[in-house]
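Below, each value reflects all heavy atoms present in this structure, side chains not excepted, and no hydrogens, waters or symmetry copies.
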Amino acid sequence: MKVPFLKTAAGYIDGRWLPARSGQTVPVHNPATGEVIATIPRMGSAETVEAVASASRALERPSSMEQRQGWLTAIAQRMLDCKDDLATIITLEQGKPLAESRVEVEYAAGFFRFFAAELAALAPRQIPGPIRDARWTVHSRPAGVVGLITPWNFPLAMLAKKLAPAIAAGCSVVIKPAAYTPLSALAQCQILESVGVPGGLINLVSGDAAPIGRVLCEHPSVRIISFTGSTGTGKVLLAQSAAFIKRLSLELGGNAPFIVFNDANLEPAADALLANKFRCAGQTCVCANRIYVQRDVAARFTELVTARVRQLNVGNGMEPGIEIGPLINRDAWDKVASHVTDALEKGARRVAGAEPRRPEHDWGSFYPPTVLTGLTEPMRAFQEETFGPVIAISEFESEPEVIGRANGTPSGLAAYVFTADAARAQRCAAAMQFGHVAINTGTGPTPEAPFGGMKQSGFGREGGREGLHEFCEVQTVATK
Ligand code: ADP
């Protein structure tokens, strides 16, 4: 085992660290170097059934709100105490620069801290009355066993934003981390164990996504599936769970517009774009994907962006000074390359970024930060998320035009608007069909606020009070 901090790379069921029943394992690679950093159990449906049974048993011993609050606070603290170890694990398995991984640990810990404080929102609510001669009370009950399926781009934070409210609500969980990045989730379980969260309340199965997902969708004890990942997999989960009337919370892909009006302060807008676009090498669902710049400032804004992009350092995220790590694998690299080729063939121009060489292996997929201009809607880079370090710029003339173009996508996750006109900013926000709209900032979600998609970016919210209620059942009690 070449990963610090982790005691073992095993599944976690009923408080025990376990191999797969078959004894089979899957390697975990460092995407920067190809090195095998660990092997994890290749579990499937049998282990998932076992994990669900363990989670169901744990619900027979309900915890008090004070107990849960204590766990959440202790988890947040322990994560911060272990920040460097956790950040190292994230970088080793995911590839992002170490500095970004540290921020991810703080962000992830923030969900435990926030939901510890937000637990009071679960107190029963009395409806003013009496009504029909009775006293009416609304309770937020734990939903039951929940399945948490997480992606590889934020292996710690994407789990934290589901796990913290699930624990707060009194649920028990079965976690299925992404196969590329399971170690952060194992480290998270190790932390939960170390602060005394009872075995069985939290379970983790690693291995084959399809059979694990099917059990979570079909098992009657699993009441909610909270998933972050591709729209395609979201549709599979919806279809598989339809016959079982499961509640789902789906955070799917985006295609974020980033709009710069001619009255915007261009320097901070360029800084915000770089920070937003190149986080995790452009592999986040809130990354600006379609950059719309008003025509009279397009040349100047492109210049500011290009100058900044040329300074970026690409490489192994463990090395000092690196700002952009590798893409997760060669498929991701191929997708980015195909978007760039398609745009260039259809008339776009590359104004920054070298012609890249295709990686020889599934790892080492470093894509040079690139700026393209002259984008139009039919190009693939505007049709779907590129999920890579490519800034794709298009010009626009008017506010109604750009709002129409921004909304002209099946996705509706994040959008960004830069303007000095406060009235216009509010008008744009109201007109935009996106769950997260940021004005004069490139910020993504925060633990304190609800975050989620409209349209095909999914439904349900993570973070904020809304994120807590995702894991509750509302029960109304009328007492005479
Ligand atoms: P990406 O293409 O970005 O890897 P995915 O949607 O495939 O996104 O992956 C997100 C998460 O969903 C991962 O944990 C992955 O293992 C899991 N996953 C993929 N296919 C299925 C499936 N059929 N059932 C359940 N989980 C799945």
Side-chain angles (χ1 to χ4, degrees), residues 68-69 72 76 103-104 106-123 125 138 140-143 146-151 153-154 156-171 173 223-229 231 234 247-257 276 279 284-288 406-407 411-417 425-426 428-474:
R68 280 156 17 219
Q69 198 158 36
L72 293 166
V103 174
E104 179 172 344
E106 288 164 13
Y107 176 54
F111 284 92
F112 291 94
R113 204 176 38 229
F114 171 75
F115 285 110
E118 196 61 24
L119 264 175
L122 296 177
R125 176 165 58 95
V138 182
S140 297
R141 307 290 191 197
V146 298
L148 310 182
I149 304 177
T150 54
N153 54 355
F154 290 90
L156 193 67
M158 293 295 150
L159 176 58
K161 52 174 72 176
K162 301 178 189 305
L163 188 55
I167 294 174
C171 294
V173 312
R223 296 313 316 147
I224 289 181
I225 296 173
S226 177
F227 167 78
T228 301
T231 305
R247 265 171 67 190
L248 278 88
S249 177
L250 301 176
E251 206 259 76
L252 310 176
N255 184 358
N276 169 290
R279 187 172 301 131
T284 89
C285 51
V286 296
C287 272
N407 283 336
S411 304
L413 198 55
Y416 308 89
V417 179
Q426 294 308 321
C428 288
M432 294 179 82
Q433 298 152 357
F434 294 84
H436 173 92
V437 178
I439 296 167
N440 294 325
T441 166
T443 187
T446 182
E448 298 79 7
F451 174 81
M454 296 185 186
K455 293 156 75 178
Q456 289 198 22
S457 289
F459 46 79
R461 292 293 179 266
E462 294 188 320
R465 186 161 293 179
E466 291 80 356
L468 181 57
H469 288 299
E470 287 293 326
F471 293 98
C472 299
E473 286 284 9
V474 173

*Between the main-chain N or O of A449 and the side-chain N or O of T446, is there a donor-acceptor pair closer than 3.5 Å?*
no

*Please walk me through it: do L148 and F227 pass side chain to side chain contact (heavy atoms under 4.5 Å, CB included)?*
CA-CA 6 Å; L148 310 182; F227 167 78; over 6 Å; no

*asked:* What's the separation between atom CD in E104 and atom CE in M158, rounded to the nearest 0.5 Å?
replied: 7.5 Å

*Can you name the closest pair of heavy atoms from G234 and L250 and give their distance?*
O-CD1, 4.1 Å

_Least distance between heavy atoms, F112 atom then A76 atom_ = CB-CB, 3.9 Å

*Looking at P151 and T228, what are the two nearest heavy atoms and their distance?*
CD-O, 3.4 Å

*Could you walk me through whether F111 and L163 pass the side chain to side chain contact (heavy atoms under 4.5 Å, CB included) check?*
CA-CA 9 Å; F111 284 92; L163 188 55; over 6 Å; no

_Determine whether Y416 and N440 satisfy the following criterion, side chain to side chain contact (heavy atoms under 4.5 Å, CB included), listing intermediate values before the conclusion._
CA-CA 7 Å; Y416 308 89; N440 294 325; over 6 Å; no

*asked:* Before you tell me yes or no, could you show the steps for L122 and L468 under side chain to side chain contact (heavy atoms under 4.5 Å, CB included), namely the whole-Å CA-CA distance, both residues' side-chain angles and the distance that decides it to 0.1 Å?
replied: CA-CA 9 Å; L122 296 177; L468 181 57; 3.8 Å; yes

*N153 and T284: which non-hydrogen atoms are nearest, and at how many Å?*
ND2-CA, 3.7 Å

*Residue pair I167 / L72, side-chain heavy-atom distance below 4.5 Å*: yes

*Closest heavy-atom contact between C287 and R279?*
SG-O, 4.2 Å

*State, with a plain yes or no, whether a side-chain heavy atom of L413 is found less than 4.5 Å away from one of E251.*
yes

*Side chains of K161 and S226: do they bring a donor and an acceptor to under 3.5 Å?*
no

_With heavy-atom distances below 4.5 Å as the criterion, would you say the side chains of Y107 and P445 are in contact?_
yes

*Would you find a donor on one side and an acceptor on the other, under 3.5 Å apart, between the side chain of S457 and the backbone of S411?*
no

*Backbone N or O of V474 within a donor-acceptor pair of the H469 side chain at under 3.5 Å?*
no

*Does R223 use its side chain to pair, donor to acceptor, with the backbone of E473 at less than 3.5 Å?*
no

*asked:* Minimum heavy-atom separation for M432 and P257, please, with both atom names.
replied: CE-CG, 4.0 Å

*More than 12 heavy atoms of other residues, nucleotides or ligands under 6.0 Å from CZ of R247: is that the case?*
yes

*In a check of side-chain contact (heavy atoms from CB on, under 4.5 Å) between F471 and each of S140, S249, C171, which one passes?*
C171

*Are the side chain of N255 and the backbone N or O of G412 linked by a donor-acceptor pair below 3.5 Å?*
no

*Backbone N or O of N407 within a donor-acceptor pair of the K455 side chain at under 3.5 Å?*
yes

*asked:* Whether R461 and E470 form a salt bridge (side-chain N of Lys/Arg under 4.0 Å from carboxylate O of Asp/Glu) is what I want to check.
replied: no

*Check whether any side-chain N or O of E462 sits under 3.5 Å from a backbone N or O of G467 as a donor-acceptor pair, and report yes or no.*
no

